[in-house]
S.K.: 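I am attaching a structure below and will ask some questions about it afterwards.
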Amino acid sequence: MCTVTYVPTKSGFQLTSNRDENVNRGQAIAPRRYQNGNHTLLYPKDADRNGSWIATKNNGDTVVLLNGAFVKHTAMPPYKTSRGLVLMDIINAEDPYLFYRDSELEGVEPFTIVLYAQGSLYECRWDGERKHIKLLDGKDAHIWSSATLYDEAAATKRVNWFNNWRKSANPDKVEDIMHFHHHAGEGDDNDALVINRGGKMKTVSVTNINVNPQNITMTYHDLRDGNEYVNDLAITETTSTPPVALPRFFGLKSFLIRLFNWEYWSFNMVYAPIMFYWFWLSFKARSFFFFSTANPLIENGGFALESKALIYDLIPQKYYPKTILFKTGTDFGQIKSAIKDKNFGYPLIAKPDIGGRGVQVKLVHNEAELLEYTQQIRVDFLVQEYVNYKNEVGIFYYRLPGEAKGQVTGIVGKEFLALTGDGKHSMMELIVKEPRYLLQLPVLIDTYGDKLNVILPAGESKTLVPYGNHARGAKFIDLSHLITDELTEAIDAMCREIPEFYFGRLDVMYNNWDELSRGKNLSIIELNGAGSEPTHIYDTKHSIFFAWREIMRHWSLLYRVGKLNKQQKGINYMTYKQGITMLKNNTEYLKLVS
């Protein structure tokens, strides 16, 4: 219960635990099967308290315990119950994750639990006052050392041993991981994976659980008597539908789709051929960062690293959905309280405060999904009322400083990624028929799993991705031909209520076109500044040459807006040093949300 590793394999994973104990503790009972209702459990038993430090269940759920949470604590017995019995309660539960999340742990000594349940890997820590839950990437390897026995320096050494071992080891071989747990750090009796601290505190056993789709194998080595026990447990609770996998030649098909459809080309491929025009405008402005003065009240003019929350503060409340900003790491109880105070109801939209292209935007249907989102996001984020309008457009707008009226230069309609059933084919089969949908398949599999095997009744529609982002599969349709004087006046009147907003794109949810044209029943879900694209270029009817002309046309407008603001308001362009720092910071930030 004092050293644990998680190692993904080709067909599953391995969890391995070294148990360090005072030599006066009784010898554990070797692993065997125990029946609990419809489930069969496999675990070694603590002879003193009848709990355990590691256990698995015949549906693949697996749990392992370490003493302590984040730092070494002072023991204050008596405790209400032992940590080993808490572990047994968790693994016996029908849903171990929800059981831990909702359990009352007051009076329990601090602990860390590594939990694999229903296909997800969690790190669960109880520090004696509050629970901390972290959703981990099950495709990555992890190592934990008990906070009660190993300080930060010792834990770091063990991480290094683990990383060095992984470079040459075969993660699919039980003997490889068992060898690591027996011999890593050999010669360092205090901090090696097998310790002997003055003959009083020793590593008493090594337990490995190897989980595959059909079978679980537990290998238990009792270091006190040298005996090794191997037990198998068949996984009997499998899903009734076949597992979902990428179709054959998915990589090749995706490559060909992107190759022959320019709208799926990378940013660099689209923009590189026309960068000469940006350099020409920069030469005229005597600054590469002439965009910085386009929208004076938006950070960096809205080109990068601008806070959505601060932009919403500029917009009159009547035009955008109710929104709450949370700092990363905010206690979930505070988040729930804030949502309740605002009378928010599910579903909700959660998204990074700084972001783009729909990255980490998620529709959360309930409290459990919101908790999962808050545990995995590493940046400040927004929770926003879900706008129930059925339609979305992107409206590109600009107004030259000093002029009374602005203009709409392009409108893009957005069709969400949705399916209509035919009563014969599964959602998976319908997806692979549509090139635009096929590109989203890895994300759809992560989101829906084996639900993609469901056959929708004929005529029934299902929206798979409720976000109007091209990168998330939405179809973009150029609606610029629908620009009218009435629509322009409505959008201009709305934009002039936003202080110092001169250039950018509004992403708007609306009820119907007639109401949109009159500025009624709409909601601005995003306002993008100098970094905005004229996204109507991504209509499949347009060529790359049309796209290049439109991009350069809007760059020219951006240059004119920025230049006039500089001249009329005395605002200086961002310096070269400031601009380079912004770009570097943006690159680092994108790594956090990617």
Side-chain angles (χ1 to χ4, degrees), residues 1-7 14-29 31 43-49 51-56 62-75 77 79 82-88 90-91 108-116 123-128 141-162 165 177-209 218-224:
M1 62 174 63
C2 294
T3 307
V4 173
T5 62
Y6 170 91
V7 179
Q14 295 193 58
L15 262 176
T16 311
S17 168
N18 284 23
R19 186 186 188 209
D20 303 336
E21 284 293 353
N22 189 295
V23 294
N24 294 324
R25 288 286 294 269
Q27 186 170 353
I29 300 169
Y43 59 90
K45 183 180 288 189
D46 179 358
D48 293 335
R49 296 186 176 93
S52 186
W53 64 97
I54 188 167
T56 189
T62 303
V63 62
V64 61
L65 170 74
L66 296 97
N67 290 338
F70 297 100
V71 296
K72 186 175 182 178
H73 63 276
T74 301
Y79 289 104
S82 76
R83 293 166 290 196
L85 291 176
V86 172
L87 177 140
M88 295 310 303
I90 291 172
I91 195 64
V108 178
E109 193 170 1
F111 62 80
T112 298
I113 273 180
V114 179
L115 172 64
Y116 186 92
E123 176 191 275
C124 307
R125 298 183 192 260
W126 164 248
D127 65 9
H142 306 272
I143 184 170
W144 295 264
S145 297
S146 170
T148 60
L149 283 179
Y150 304 100
D151 59 20
E152 185 176 347
T156 300
K157 282 195 294 186
R158 294 156 144 250
V159 169
N160 291 333
W161 294 336
F162 185 55
W165 167 79
I177 188 68
M178 289 291 279
H179 185 273
F180 171 76
H181 274 259
H182 281 81
H183 299 289
E186 215 162 32
D188 185 346
D189 287 345
N190 283 327
D191 296 331
L193 266 68
V194 174
I195 65 169
N196 181 355
R197 295 184 176 179
K200 297 180 180 180
M201 179 70 67
K202 291 184 177 182
T203 304
V204 297
S205 66
V206 180
T207 311
N208 170 272
I209 299 178
M218 178 179 285
T219 302
Y220 176 77
H221 188 191
D222 192 323
L223 299 182
R224 285 182 165 178

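Below, each value reflects all heavy atoms present in this structure, side chains not excepted, and no hydrogens, waters or symmetry copies.
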S.K.: With side chain to side chain contact (heavy atoms under 4.5 Å, CB included) as the test, would you mind laying out the steps for Trp144 and Val114 before giving the verdict?
M.R.: CA-CA 9 Å; Trp144 295 264; Val114 179; 3.7 Å; yes

S.K.: Give me the atom names and distance for the closest heavy-atom approach of Val108 to Arg83.
M.R.: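 Shortest heavy-atom contact: CG1-CG, 4.1 Å.
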
S.K.: Begin from the C-alpha positions of Ile195 and Asp189 and carry the test side chain to side chain contact (heavy atoms under 4.5 Å, CB included) through to its verdict.
M.R.: CA-CA 5 Å; Ile195 65 169; Asp189 287 345; over 6 Å; no

S.K.: Excluding sequence neighbours, so at least two apart, what forms side-chain hydrogen bond (donor to acceptor under 3.5 Å, both in side chains) with Tyr116?
M.R.: none

S.K.: Can you name the nearest heavy-atom pair linking Leu87 to Ala55, along with the distance?
M.R.: CD2-CB, 4.1 Å

S.K.: Would you call the rings of His183 and His179 parallel, tilted or perpendicular if under 30° counts as parallel and over 60° as perpendicular?
M.R.: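 Answer is tilted, since the angle falls between 30° and 60°.
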
S.K.: Indicate whether any N or O donor in one side chain lies under 3.5 Å from an N or O acceptor in the other, for His181 and Thr3.
M.R.: no

S.K.: With side chains defined as the heavy atoms from C-beta onward, is the minimum distance between Arg19 and Arg25 less than 4.5 Å?
M.R.: yes

S.K.: Restricting to non-hydrogen atoms, name the atom on Ile54 and the atom on Ser17 that form the minimum distance, rounded to 0.1 Å.
M.R.: CD1-CB, 4.0 Å

S.K.: Between His182 and His221, is the gap from one ring center to the other below 6.0 Å?
M.R.: yes

S.K.: State, yes or no, whether a side-chain contact exists between Asp222 and Tyr220 at a heavy-atom distance under 4.5 Å.
M.R.: yes

S.K.: Is the shortest heavy-atom distance from the side chain of Asp151 to the side chain of Asp191 under 4.5 Å?
M.R.: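 The answer is no; the side chains never approach within 4.5 Å.
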
S.K.: Sort out for me which residue in Thr207, Val4, Ile113 forms a side-chain contact (heavy atoms from CB on, under 4.5 Å) with Trp53.
M.R.: Thr207

S.K.: Are any of the side-chain nitrogens in Asp188 or Arg158 under 4.0 Å away from the carboxylate oxygens of its partner?
M.R.: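 Here Asp188 does not pair with Arg158 in a salt bridge, since their nearest N and O are not under 4.0 Å apart.
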
S.K.: Grab the two heavy atoms, one from Met218 and one from Pro44, that are nearest each other, plus how far apart they are.
M.R.: SD-CD, 4.0 Å

S.K.: Taking all heavy atoms of Ala75 and all of Glu109, pick out the closest pair and write down the distance.
M.R.: CB-OE2, 3.8 Å

S.K.: Can you check side chain to side chain contact (heavy atoms under 4.5 Å, CB included) on Glu123 and Leu115, steps first, answer last?
M.R.: CA-CA 6 Å; Glu123 176 191 275; Leu115 172 64; over 6 Å; no

S.K.: Between atom SG of Cys2 and atom CG of Leu65, what is the distance when rounded to the nearest 0.5 Å?
M.R.: 8.5 Å

S.K.: For Phe111 and Arg125: C-alpha separation, side-chain torsions, deciding distance, then whether side chain to side chain contact (heavy atoms under 4.5 Å, CB included) applies.
M.R.: CA-CA 6 Å; Phe111 62 80; Arg125 298 183 192 260; over 6 Å; no

S.K.: First locate atom CE of Met88, then atom OG of Ser52, and finally report the distance between them rounded to the nearest 0.5 Å.
M.R.: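 One gets 6.0 Å once the value is rounded to the nearest 0.5 Å.
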
S.K.: Any salt bridge between Arg197 and Asp20, counting N to O under 4.0 Å?
M.R.: no

